[in-house]
Amino acid sequence: MSAAFSTASPAPASICLLRLSALGDVTHVVPLVHTLLAAWPQVRLTWVIGKGEHRLLAGLPGVDFVEYDKKTGLAGMRALRGELRERLGAAKRFDVLLQMQVAARANLLSAFIPARRRVGYDRSRSKDLHGVFVNERIPDRPGIHVLDAIGSFCEPLGLRQERVRWDLPVPDEARAWARAQWPQDDVPTLLISPCSSHVLRNWPAERLAAVADHAAGRGWRVVLCGGRSELERATGDAILASMTHPALDLIGKDTLKQLPALLERGRLLMTPDSGPMHIANAMGTKVLGLHAASNPERSGPYSDRRYCVDRYDDAARKYLGKPASDLRWGTKIEHAGVMDLITVDDAIATFERYCADHANASSKENT
């Protein structure tokens, strides 16, 4: 079962989810969708989401997506309200709005979504007047992963998320594309997604190259992946220029629908705290996470954080003058040079630990 049930609350007829971005965060919402639908298969779920995030999740069963483009501002918010009212028809309002984003824009946008119950974050996670726009809150549980905080949005409705189920919508043609990129053989594949959307979380290209060369020297295939931004292309070029072994360069060559299928084919993904980290985790691929600017216990790969390089406490002591345990949960340490605290030796040691742990594991690529 995906959820524990309570008879305290009647089943809602309609629920609106508001989470616009980013790729990792919307991935964390997917288990909540499965929990809600397991409890109430007939509930009408509408998800207000960003354009790119919709491309990733389009086809998720049981969900009607409505895109909001941040560039459209207030005019787009008014248009969204009109579209939602048309969809609702005689109902006029959603039974419940789950307002799962605390940024000022999302808070304002929520005011344009008609709903009787408006569930938001607890006070410790609120900011930008979030509390003004909600009339109920999730339980205040400090020190939990982002996914667990999102999962608790079902609790005011009388449910509990007791199982994390992913099942991202990946078309057969996306998997066919991924299979065509390299042979289906016994060679283990290290995928490298070098860039986060927050540049201060990124690790230097020459250090990524050093770990890639180490893996290649151990007989691994190395594949670079990423989006079409100038930063990702420049970072990929710098990695390739620093490597002594060859690597397959797929940066900018996949779509958001193909990305999960691509990540699924890897044995291990090396990446900073990023959307691909969480998508890979959802697809069952282990992650060599690079963490100094953010806390892996809060925002690392949810299912398995054994292979995260964790220099968050070192960063807290160096840049904020206190141990990580004294920081407000969720504090980011996005200072210039913070990722330099992670050494090549740190990452290679983590890679070797993965290899030792999985020496007898069968290759995912042949399944």
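Predicted model, so just to flag it, every value in this text is computed and none were measured. Keep in mind that the numbers below use all heavy atoms, side chains included, and drop hydrogens, waters and symmetry copies.
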Practice task
Go through Leu327 and Asn295 one step at a time and tell me if the side-chain contact (heavy atoms from CB on, under 4.5 Å) criterion holds.
Solution key: CA-CA 11 Å; Leu327 300 181; Asn295 184 352; over 6 Å; no
Exercise for the section: Using the side-chain contact (heavy atoms from CB on, under 4.5 Å) rule, take Val146 and His278 through it: C-alpha gap first, then chi angles, then the decisive distance, then the call. Expected result: CA-CA 11 Å; Val146 170; His278 304 296; over 6 Å; no
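- Listed by chain and residue number, nothing satisfies the side chain to side chain donor-acceptor pair (under 3.5 Å) test with Arg105 (two or more places apart in sequence, or in another chain).
- When side chains are defined from C-beta on, Gln181 does not count as touching Val223, because their heavy atoms never get closer than 4.5 Å.
- Between Arg228 and Glu232 no salt bridge is recorded (no basic side-chain N to carboxylate O distance below 4.0 Å).
- Partners of Glu206 under the side chain to side chain donor-acceptor pair (under 3.5 Å) rule, at least two apart in sequence or in another chain, do not exist in this structure.
- Here the straight-line distance linking atom CG of Asp167 with atom CE of Met283 works out to 9.0 Å at 0.5 Å rounding.
- Residues satisfying the salt bridge (Lys or Arg N to Asp or Glu O under 4.0 Å) test with Arg118, not counting sequence neighbours, are none.
- Every pair passing salt bridge (Lys or Arg N to Asp or Glu O under 4.0 Å) that includes a residue from residues 17-45 is listed here, sequence neighbours excluded: Arg19-Asp25.
- When all heavy atoms of Arg179 and Arg265 are compared, the pair lying nearest together is O-NH1, 3.2 Å.
- Taking each heavy atom of Ala174 and Ala261 in turn, the nearest pair found is O-CB, 3.5 Å.
- Scored by the salt bridge (Lys or Arg N to Asp or Glu O under 4.0 Å) test, Arg233 finds Asp237, Asp249 as partners (sequence neighbours excluded).
- Taking the side chain to side chain donor-acceptor pair (under 3.5 Å) definition, one finds that Ser242 meets it with nothing, sequence neighbours left out.
- In terms of the ring pair (Phe, Tyr, Trp, His ring centres under 6.0 Å) criterion, Trp203 has no residue partners (sequence neighbours excluded).
- Arg267 has its side chain within reach of Tyr354: a pair of non-hydrogen atoms, C-beta onward, lies under 4.5 Å apart.
- Residues Pro169 and Lys257 form a side-chain contact, since some pair of their non-hydrogen atoms from C-beta on lies under 4.5 Å apart.
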Atom pairs and distances, donor-acceptor, side-chain atoms in residues 330-342, under 3.5 Å, two or more places apart:
unit_1 : atom_1 : unit_2 : atom_2 : d
Thr331 : OG1    : Arg328 : O      : 2.6
Glu334 : OE2    : Arg201 : NE     : 2.8
Glu334 : OE2    : Arg201 : NH2    : 3.2

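- With Asp122 contributing its side chain and Asp140 its backbone, the two residues share no donor-acceptor pair below 3.5 Å.
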Problem - Test log, rule side-chain contact (heavy atoms from CB on, under 4.5 Å), inputs His358 and Leu268 - result: CA-CA 11 Å; His358 297 82; Leu268 185 67; over 6 Å; no
Handout entry: Worked verdict on Leu36 versus Cys154 for side-chain contact (heavy atoms from CB on, under 4.5 Å)
Key = CA-CA 7 Å; Leu36 294 170; Cys154 68; 4.1 Å; yes
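- A donor-acceptor pair is defined here as one N or O able to donate and one able to accept, closer than 3.5 Å; no such pair exists between the side chain of Ser325 and the backbone of Pro323.
- Here CG of Leu23 is found 8.5 Å from CG of Leu57. Values are rounded to the nearest 0.5 Å.
- With rounding to the nearest 0.5 Å, the separation of OG1 in Thr46 from CG in Leu17 is 8.0 Å.
- Between the CG atom of Leu60 and the CH2 atom of Trp47 there is a distance of 7.0 Å, given to the nearest 0.5 Å.
- Salt bridge status for Glu352 with Arg218: present, with a side-chain N to carboxylate O gap under 4.0 Å.
- Scanning both residues, Pro12 and Val43, for their nearest heavy atoms gives O-CG2, 3.4 Å.
- Trp166 and His28 have tilted rings, their planes meeting at an angle from 30° to 60° on a 0 to 90° scale.
- Checked against a 6.0 Å centroid threshold, the rings of Phe153 and Tyr121 count as neighbours.
- No donor-acceptor pair closer than 3.5 Å links the side chain of Arg298 to the backbone N or O of His145.
- Residues passing the side chain to side chain donor-acceptor pair (under 3.5 Å) test with Asp69, sequence neighbours excluded: none.
- Residues Gln161 and Leu32 have side chains in contact (heavy-atom distance under 4.5 Å, counting atoms from C-beta outward).
- Between Leu269 and Ala280, the closest heavy-atom pair is CD2-CB, 3.6 Å.
- For the pair Ile138/Val119, a side-chain contact is recorded, criterion being any heavy-atom separation below 4.5 Å from C-beta on.
- Transitive grouping of hydrophobic side chains (ILVMFWY, heavy atoms separated by less than 4.5 Å) keeps Leu129 and Ile113 in distinct clusters.
- Under a 3.5 Å cut-off, the side chain of Arg125 and the backbone N or O of Ala149 do not form any donor-acceptor pair.
- Under the rule for a salt bridge (Lys or Arg N to Asp or Glu O under 4.0 Å), Arg81 has no partner lying at least two apart in sequence or in another chain.
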Donor-acceptor contacts under 3.5 Å from residues 88-100 side chains, at least two apart:
unit_1 : atom_1 : unit_2 : atom_2 : d
Asp95  : OD1    : Arg116 : NH1    : 3.0
Asp95  : OD2    : Ala13  : N      : 2.6
Asp95  : OD2    : Ser14  : N      : 3.4
Gln99  : OE1    : Gln101 : N      : 3.4
Gln99  : NE2    : Gln101 : O      : 2.8
Gln99  : NE2    : Ala106 : O      : 3.3
Gln99  : NE2    : Asn107 : OD1    : 3.1

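- Closest heavy-atom contact between Asp273 and Ser294: OD2-OG, 2.8 Å.
- Under a hydrophobic clustering in which Ile, Leu, Val, Met, Phe, Trp and Tyr are joined whenever their side-chain heavy atoms come within less than 4.5 Å, directly or via other members, Val29 and Trp40 fall into the same cluster.
- With contacts defined as side-chain heavy-atom distances shorter than 4.5 Å, the pair Leu80/Met77 does not qualify.
- The pair Lys286-Asp304 counts as a salt bridge, with a side-chain nitrogen and a carboxylate oxygen less than 4.0 angstrom apart.
- Screening Thr27, Asn281, Leu191, Leu263 against Pro276 for a side chain to side chain contact (heavy atoms under 4.5 Å, CB included) leaves a single residue, Leu263.
- Annotation: side chain of Val309 is in contact with side chain of Leu288 (closest heavy-atom distance under 4.5 Å).
- With respect to Arg141 and Asp148, no salt bridge is recorded, no charged nitrogen being found less than 4.0 Å from a carboxylate O.
- With sequence neighbours excluded, no residue forms a ring pair (Phe, Tyr, Trp, His ring centres under 6.0 Å) with Phe112.
- Interatomic distance, OH of Tyr319 versus CG of Asp314, reported as 10.5 Å (0.5 Å rounding).
- For the atom pair CG of Asn202 and CZ of Arg207, the computed distance is 13.0 Å after rounding to the nearest 0.5 Å.
- Using a cutoff of 4.0 Å between basic side-chain nitrogens and carboxylate oxygens, Arg317 and Asp313 are scored as salt-bridged.
- Proximity of a side-chain donor or acceptor of Thr255 to a complementary backbone N or O of Gln258 within less than 3.5 Å is detected.
- Val33 and Leu18 fall into different hydrophobic clusters, where Ile, Leu, Val, Met, Phe, Trp and Tyr side chains are chained together by heavy-atom contacts under 4.5 Å.
- In this structure, the side chains of His245 and Val222 stay at 4.5 Å or more apart for every pair of heavy atoms.
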